[in-house]
Amino acid sequence: MEEQLKHSVLFWLLIALLMITQSTWLFLDARKRGSMPWFWGLWGLIQCPFPLLFYWLTVRLRVWDKLRASAQNKK
């Protein structure tokens, strides 16, 4: 029983470390790029890995801007 509890505590500590690391990186990178750092930092703190994936698509790769530009070029 104690072994299961120890593994459970270690598991949740690792999850917490992952979430805090993700949130910190998202906040710092978004602040550097001027792209709503508090939003990305808070979202990264409560969920994983979707905030990171959406951040890469919307801020780093600017997918939405590229799609919008290609739609305007077709007109």
Side-chain angles (χ1 to χ4, degrees):
M1 181 78 167
E2 283 184 37
E3 182 130 350
Q4 283 181 330
L5 183 59
K6 186 174 19 172
H7 288 305
S8 177
V9 169
L10 181 60
F11 171 76
W12 289 111
L13 286 175
L14 288 173
I15 294 294
L17 180 63
L18 173 74
M19 302 294 270
I20 290 170
T21 302
Q22 172 186 260
S23 176
T24 303
W25 185 84
L26 284 170
F27 177 80
L28 293 175
D29 198 67
R31 187 172 62 176
K32 181 173 70 174
R33 296 176 189 281
S35 182
M36 299 185 301
W38 286 102
F39 169 75
W40 292 110
L42 288 173
W43 191 22
L45 193 58
I46 62 171
Q47 194 176 13
C48 184
F50 291 115
L52 193 58
L53 296 173
F54 282 110
Y55 180 78
W56 274 90
L57 289 173
T58 59
V59 176
R60 298 294 295 262
L61 298 178
R62 302 256 182 221
V63 169
W64 305 123
D65 294 340
K66 292 176 185 176
L67 288 174
R68 194 175 303 130
S70 69
Q72 288 176 352
N73 289 339
K74 289 182 181 179
K75 288 183 180 181

Quick check against the 3.5 Å criterion: does Ser8 have a side-chain atom that pairs as donor or acceptor with the backbone of Gln4? no
Nearest 0.5 Å please: distance from the CG atom of Leu26 over to the OG1 atom of Thr21. 11.0 Å
Joint cluster assignment, Leu28 & Trp25, ILVMFWY side-chain distance < 4.5 Å: no
Ser23 and Leu42: which non-hydrogen atoms are nearest, and at how many Å? OG-N, 4.5 Å
Hydrophobic cluster identity match, Leu14 and Ile20, side-chain contacts under 4.5 Å: no
Going by atom type alone, with no hydrogens or angles, which donor-acceptor pairs under 3.5 Å involve a side-chain atom of residues 44-55 and a protein atom two or more places apart or on another chain?
| residue | atom | partner | partner atom | Å |
| --- | --- | --- | --- | --- |
| Gln47 | OE1 | Trp43 | NE1 | 2.8 |
| Tyr55 | OH | Asp29 | O | 3.4 |
| Tyr55 | OH | Asp29 | OD2 | 2.6 |
| Tyr55 | OH | Ala30 | N | 3.2 |

When hydrophobic residues are tied together by side-chain contacts of less than 4.5 Å, even through go-betweens, does Met36 share a cluster with Leu57? no
So how far is it from Trp40 CH2 to Phe27 CZ, rounded to the nearest 0.5 Å? 14.0 Å
